[in-house]
Amino acid sequence: MAKSQHAISPTRAEDYPQWFQQVVKAADLAEVSPVRGCMVIKPWGYALWENMQRVLDGMFKETGHQNAYFPLFIPMSFLEKEAAHVEGFAKECAVVTHYRLEMGPDGRLVPAGPLEEPLIVRPTSETIVGAMYAKWIQSYRDLPILINQWANVVRWELRTRMFLRTAEFLWQEGHTAHATEAEAWDETRRMLGVYARFAEHYMAMPVIQGEKTAGERFPGAVSTLSIEAMMQDRKALQAGTSHFLGQNFARAQEIKFQDQQGQEVYAWTTSWGVSTRLVGALLMTHSDDDGLVLPPRLAPQQAVILPIYRDDAQRTAVLDYCRALQQQLQGVTYDQSPLRVALDDRDMRGGEKNWFYIKRGVPLRLEIGPKELERQTVFVARRDTGEKASVARAELVATAAQRLDEIQQALFQRALALRTAHTRGIDSLDEFRAFFTPQNAEEPEIHGGFALCHWCDDPSVAPVLDALKVTIRCVPLDGDHEPGRCIFTGRPSRQRVVFAKAY
RNA sequence: CGGGGCGUAGCGCAGUCUGGUUAGCGCGCCUGCUUUGGGAGCAGGAAGUCGCCAGUUCGAAUCUGGCCGCCCCGACCA
């Protein structure tokens, strides 16, 4: 008996947040853990993250960075050093106050051995890294320091969603120190560029590079740059950030050095990061009502071979053909690596196995049965378009890389088309309100998008945005800088900024 | 942390208002047979301290109190 038309219920149009949860489940990416607010990342989800890590790590190294590792725990006093930083993170920190457990009178364990100074579990590592940099840097010759770490961090979020906001998450955080302001600014922009390139070239996710307004800035930063992407529900997702920290942390933590003139001066620092949120971003950019859709460059498996047979005789012949095909395809180079092609000979019904891979988003499914053996063909199904065709075996091997590349490009173009279709320059407050107001207030349908508007930093703007649940995503770095008038106050504006509802 | 909802088999639920034999159903799981090119059919089977603790009662999944957890909506956030 065939199930409903789509593998995922509800569909995107019916209930987008529920659809998201169902895709995570159907693709077996992760599940909620017994630990409040934390998720277990399952092998398929983790393999995806590993691919992201591998590519990003290569990009960081190409731009001169080295990996290191700093402690999970940070003395509480470290966090107090930078005023804005404390305020930003204090209310969401896990705090370690004891170092052992004892059996209580009721037979249950109770914390014992109070710590003299509580430790916090890092929500981010600027302070512990800065403390070390203060020791490592004495001379301008010690600069720049360009370090990245892959780590987990904890932010005690009140409301969590898998991959998008969990109490513990995996990320990388780059921390650099420079002799000059200009050099630190270059670094901040360079790493934002790395993120943008990764998002677009690997994730096939178009992004807007921009600068955050004061209200959205990282606590303690002078300036925060971000990449912003539009999800399929037209909401914005901040997918990566790069902070110019100025000398704020350097002053707070005495990161100083002697310059060429023998003067003692403070260093200029930056920090930048992306997290497992990128997995959520990838999901919401490409997936459909049948489950996950993966861009080939990041797919843990780029193709899967599905043997079809009735009896043992067929099984042997089909599997031989499949193994030979797998070997041939593994000899193909795609994105500078051998093509990742799996052969699934599990004893499972054909339809069920097919859906297994549809839901997991494998870009190409290659069905091999007696007919294919006879004709020396492969039955190829494309995940992104659903297109299916019988292709000569030799031709498939010859065009496999090109086919994956087509999928990669098609996904990017489709995402870009969605963003373009729902990005609009808006010049009046009425139109702005209409753009961000759903037709059905009870059950809001997918609506809105990115509004490009003139704006000025005036306190009267905030209540209007709050009422609509709209935020300023960023001031685009490469937007046209035509001047105009703020749609809220009528005052002069230097350029348009991006407004959207956001995750 | 405020408002609302929910905890019963691995998952999803019914039963609770109106206490009463052995707590059911669907999916999944196990075994067998038949099947197998888009989510199989039949037969048999395993699996539950009804979230936890206390109370009321001859008797509690059901009533009362407390606690814990999860989900949704707000405020906060990568």
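Below, chain A is the first sequence line, B the second, and so on; all start at residue 1.
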(message) Under the criterion of centre distance below 5.5 Å and interplanar angle below 30°, is A/Trp171 classified as stacked on the base of B/A78?
(response) no

Distance between the [atom1] atoms of [N] and [M], in whole angstroms?
N: B/G5; M: B/A9; atom1: C1'; result: 23 Å
N: B/U62; M: B/U57; atom1: C1'; result: 13 Å
N: B/G12; M: B/C53; atom1: C1'; result: 28 Å
N: B/C1; M: B/G48; atom1: P; result: 36 Å
N: B/A61; M: B/G45; atom1: P; result: 27 Å
N: B/C25; M: B/G65; atom1: C1'; result: 33 Å
N: B/A46; M: B/G10; atom1: P; result: 16 Å
N: B/U16; M: B/G51; atom1: C1'; result: 16 Å

(message) In terms of relative ring orientation, are A/Trp150 and A/Trp49 parallel, tilted or perpendicular, with 30° and 60° separating the classes?
(response)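 Ring orientation of A/Trp150 relative to A/Trp49: perpendicular.
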
(request) Could you tell me how the ring of A/Phe432 sits relative to the ring of A/Phe488: parallel (under 30°), tilted (30 to 60°) or perpendicular (over 60°)? (result)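 Judged by the thresholds at 30° and 60°, the geometry between A/Phe432 and A/Phe488 is perpendicular.
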
Could you please name the partner base of [N], counting Watson-Crick and G-U wobble pairs only when both distances are under 3.5 Å?
N: B/C29; value: B/G45
N: B/A40; value: B/U34
N: B/C63; value: B/G55
N: B/C70; value: B/G5
N: B/G19; value: none
N: B/A75; value: none

Over all strands shown, is [X] touching base, sugar-phosphate only, or nothing at heavy-atom distances under 4.0 angstrom?
X: A/Glu367; result: base
X: A/Arg315; result: nothing
X: A/Leu306; result: nothing
X: A/Thr166; result: base
X: A/Leu237; result: nothing
X: A/Tyr503; result: nothing
X: A/Lys469; result: sugar-phosphate
X: A/Gly369; result: base
X: A/Ser275; result: base
X: A/Phe169; result: base

Could you tell me the separation between the [atom1] atom of [X] and the [atom2] atom of [N], rounded to a whole number of Å?
X: A/Phe20; N: B/C72; atom1: CZ; atom2: C1'; answer: 17 Å
X: A/Gln314; N: B/G37; atom1: CD; atom2: C1'; answer: 11 Å
X: A/Asp289; N: B/G39; atom1: CG; atom2: P; answer: 19 Å
X: A/His243; N: B/A78; atom1: NE2; atom2: P; answer: 8 Å
X: A/Asp311; N: B/G37; atom1: CG; atom2: P; answer: 14 Å
X: A/Glu92; N: B/A78; atom1: CD; atom2: P; answer: 7 Å
X: A/Met162; N: B/C71; atom1: CE; atom2: C1'; answer: 12 Å
X: A/Arg349; N: B/U34; atom1: CZ; atom2: C1'; answer: 11 Å

(message) Is it the case that B/U35 (base atoms only) and A/Arg310 (side chain only) share a donor and an acceptor within less than 3.5 Å, ignoring hydrogens and angles?
(response) no

The side chain of [X] lies closest to which of these nucleotides: [options]?
X: A/Lys25; options: B/C76, B/C11, B/G37; value: B/C11
X: A/Glu352; options: B/A78, B/G39, B/G37; value: B/G39
X: A/Lys91; options: B/C76, B/A78, B/G39; value: B/C76
X: A/Glu157; options: B/G37, B/A78, B/G74; value: B/A78

(request) Let me know, please, whether A/Arg473 or A/Ile368 comes out on the 5' side of the other along RNA chain B by nearest nucleotide. (result) A/Ile368

(request) Please tell me which of A/Gln18 and A/Gly88 maps to the more 5' nucleotide of RNA chain B, matching each residue to the nucleotide holding its nearest heavy atom. (result)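 It is A/Gln18 whose nearest nucleotide is closer to the 5' end.
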
(request) Look at the side-chain N and O atoms of A/Lys359 and state whether any lies under 4.0 Å from the OP1 or OP2 oxygen of B/G39. (result) no

(message) Can a donor-acceptor pair be found, under 3.5 Å and without considering hydrogens, that links the side chain of A/Lys212 to the backbone of A/Ser226?
(response)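 No: the side chain of A/Lys212 does not pair with the backbone of A/Ser226.
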
(request) Starting at OG1 of A/Thr270, measure out to CZ of A/Arg190 and round the result to the nearest 0.5 Å. (result) 9.5 Å

(message) Less than 4.5 Å apart, side chain to side chain, heavy atoms only: is that true for A/Trp185 and A/Val222?
(response) no

(request) For residues A/Lys91 and A/Trp156, determine if any side-chain heavy atom of one lies less than 4.5 Å from a side-chain heavy atom of the other. (result) no

(request) Report the residue from A/His243, A/His65, A/His175 that forms a ring-ring contact (aromatic ring centres under 6.0 Å, His included) with A/Trp272. (result) A/His65

(message) Looking at A/Lys371 and A/Glu374, is any side-chain nitrogen of the basic one under 4.0 Å from a carboxylate oxygen of the acidic one?
(response)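 No, no charged N to carboxylate O under 4.0 Å.
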
(request) Return yes if a side-chain donor-acceptor contact under 3.5 Å exists between A/Arg433 and A/Thr437, otherwise no. (result) no

